[in-house]
Amino acid sequence: MRPLPIVWDPGYSPAFPANHRFPMAKFGHLKDWVDAHVPHTELYRPTPCPIEVVSAVHAHDYVEGFQAGTLDARAFREIGLPWSEGLAARTILALGGSLLTCQLALESGLASHLAGGTHHAHHARGSGFCIYNDLAVCARYLTGEGLASRVLIFDCDVHQGDGTAALLDEHAGSFTCSIHAEKNFPARKVESDLDVHLPDGMGDADYLAVVMETLESVLVSWRPDFVIYDAGADVHVDDALGRLSVTTEGLKSRDLQVIRRIREVGIPCATVIGGGYDPDPKRVAARHGVVIQAAAEVMARS
Ligand SMILES: [Zn+2]
């Protein structure tokens, strides 16, 4: 059985206020959950993303200002995370983790990052707990290096991928697709190549039908040669910031069906965890674990 390459680092969960809305401790709990529930994985540790790779997408002054902690108060407010040297280090490290996951997916067909999916980050500003946009950085990197020519960002986080849509708007080598709760953050959406707006409270059957129909239509119309799957767990009925009613079973079905279909048609796929919010970081880690479990299952059967 082939092990699923997974990417993670203990530095992903730096010291952080425990009562903060963003459950920073979840990355460590996710690794524990995967160790306990997902056999046949092979761990890879990332290196920080090279600054020139970040700067292909983000304004150099913004990157420098964030890494040094010298952005103005308003910019930090919009990001919504308290700055620390640990946060700066984990941010550039996790971005390197998404890049490594894409490289491993090219080699193995499938690879999973135990982080990533920071889709609200824009060119010169962060937003909604997102600092750099790993989806856009990876798409630019893959096409710039000639590793892929048609990258699909399949974003199933419950929030719209506004930053990704803006950053890749003019990029011919990528297609942005966002399936999200219409009334959720961000209030001002940025048009993706394909947006699917969902009503509040949508449950498993309707949700799964929309996700699979959308995936199928994009596979046919855009013909991607690489897929980055943002498996946001904040579509879950118990998520603190979500507005949908997808159960754990529904989440499992989504991740399994999406990954299986992408691999069935022979396209390399990198998965990232996206958003997930719960006062209990262990609970949310278990929801994020679903995509890793699904990927490992598909890998084992390939
Ligand atoms: Zn989200």
Quiz item: What heavy-atom pair brings H171 and A139 nearest, and what distance separates the two atoms?
Solution: CE1-O, 3.9 Å
Quiz item: Mind checking whether H113 and Y44 have ring centres under 6.0 Å apart?
Solution: no
Quiz item: Hey, are the side chains of D230 and F154 touching, using non-hydrogen atoms and a 4.5 Å cut-off?
Solution: no
Quiz item: Around K282, counting heavy atoms of other residues, nucleotides and ligands shown, do more than 12 lie under 6.0 Å from its NZ?
Solution: no
Quiz item: Quick one: do W222 and I153 end up in the same hydrophobic cluster if we chain Ile, Leu, Val, Met, Phe, Trp and Tyr together by side-chain heavy atoms under 4.5 Å apart?
Solution: yes
Quiz item: Should the pair H37 and W33 be assigned to parallel (<30°), tilted (30 to 60°) or perpendicular (>60°) ring geometry?
Solution: parallel
Quiz item: Are R287 and D278 close enough for a salt bridge, meaning some N to O gap below 4.0 Å?
Solution: yes
Quiz item: Any side-chain heavy atom of T91 sitting closer than 4.5 Å to one from L95?
Solution: no
Quiz item: Can you find a side-chain donor-acceptor pair between Y62 and R125 that sits under 3.5 Å?
Solution: no
Quiz item: In terms of side-chain heavy atoms, does S112 have a donor or acceptor partner in T271 at a distance below 3.5 Å?
Solution: yes
Exercise. If the plane angle is over 60° it's perpendicular, under 30° parallel, otherwise tilted; pick one for F66 and F76.
Key: tilted
Self-check item: Atom pair CG/CD of D204 and E249 - distance to nearest 0.5 Å
Solution: 8.5 Å
Quiz item: Minimum heavy-atom separation for A148 to F226, with atom names?
Solution: CB-CB, 3.9 Å
Quiz item: Where does the angle between the aromatic ring planes of Y277 and F22 fall among parallel (under 30°), tilted (30 to 60°) and perpendicular (over 60°)?
Solution: perpendicular
Exercise. Quick one: sort the H120 and F185 rings into parallel, tilted or perpendicular, breaks at 30° and 60°.
Key: perpendicular
Quiz prompt | In one Ile/Leu/Val/Met/Phe/Trp/Tyr side-chain cluster, 4.5 Å: V284, V34 | solution = no
Quiz prompt | Between Q160 and N184, a side-chain donor and acceptor under 3.5 Å | solution = no
Quiz item: Any link between M299 and L256 through a network of hydrophobic side chains (Ile, Leu, Val, Met, Phe, Trp, Tyr) touching at under 4.5 Å?
Solution: yes
Quiz item: Do the side chains of L244 and V237 get nearer than 4.5 Å, heavy atoms only?
Solution: no
Practice problem: Would you tell me whether Y229 and D155 have side-chain atoms, one donor and one acceptor, within less than 3.5 Å of each other? | Solution: no
Quiz item: Regarding S302 and R2, is there a side-chain donor-to-acceptor distance under 3.5 Å anywhere?
Solution: yes
Quiz item: If we only count heavy atoms from C-beta on, is the I179 to D195 side-chain gap below 4.5 Å?
Solution: no
Quiz item: Are more than 12 heavy atoms from other residues, nucleotides or ligands located less than 6.0 Å from atom CD of E264?
Solution: yes
Quiz item: If we only count heavy atoms from C-beta on, is the C49 to V54 side-chain gap below 4.5 Å?
Solution: yes
Quiz item: Are the charged groups of R150 and D225 less than 4.0 angstrom apart, N to O?
Solution: no
Quiz prompt | No-hydrogen, no-angle side-chain donor-acceptor test under 3.5 Å, T247 and H236 | solution = no
Quiz item: Hey, does V210 have a side-chain heavy atom less than 4.5 Å from the side chain of M202?
Solution: yes
Quiz item: Do H159 and D234 have a side chain donor and acceptor closer than 3.5 Å?
Solution: yes
Quiz item: What are the two closest non-hydrogen atoms of T47 and L93, and how far apart are they?
Solution: C-CD1, 3.8 Å
Quiz item: Are V265 and L219 close enough that some pair of their side-chain heavy atoms sits under 4.5 Å apart?
Solution: yes
Self-check item: Contact check, side chains of I259 and V291, non-hydrogen atoms, under 4.5 Å
Solution: yes
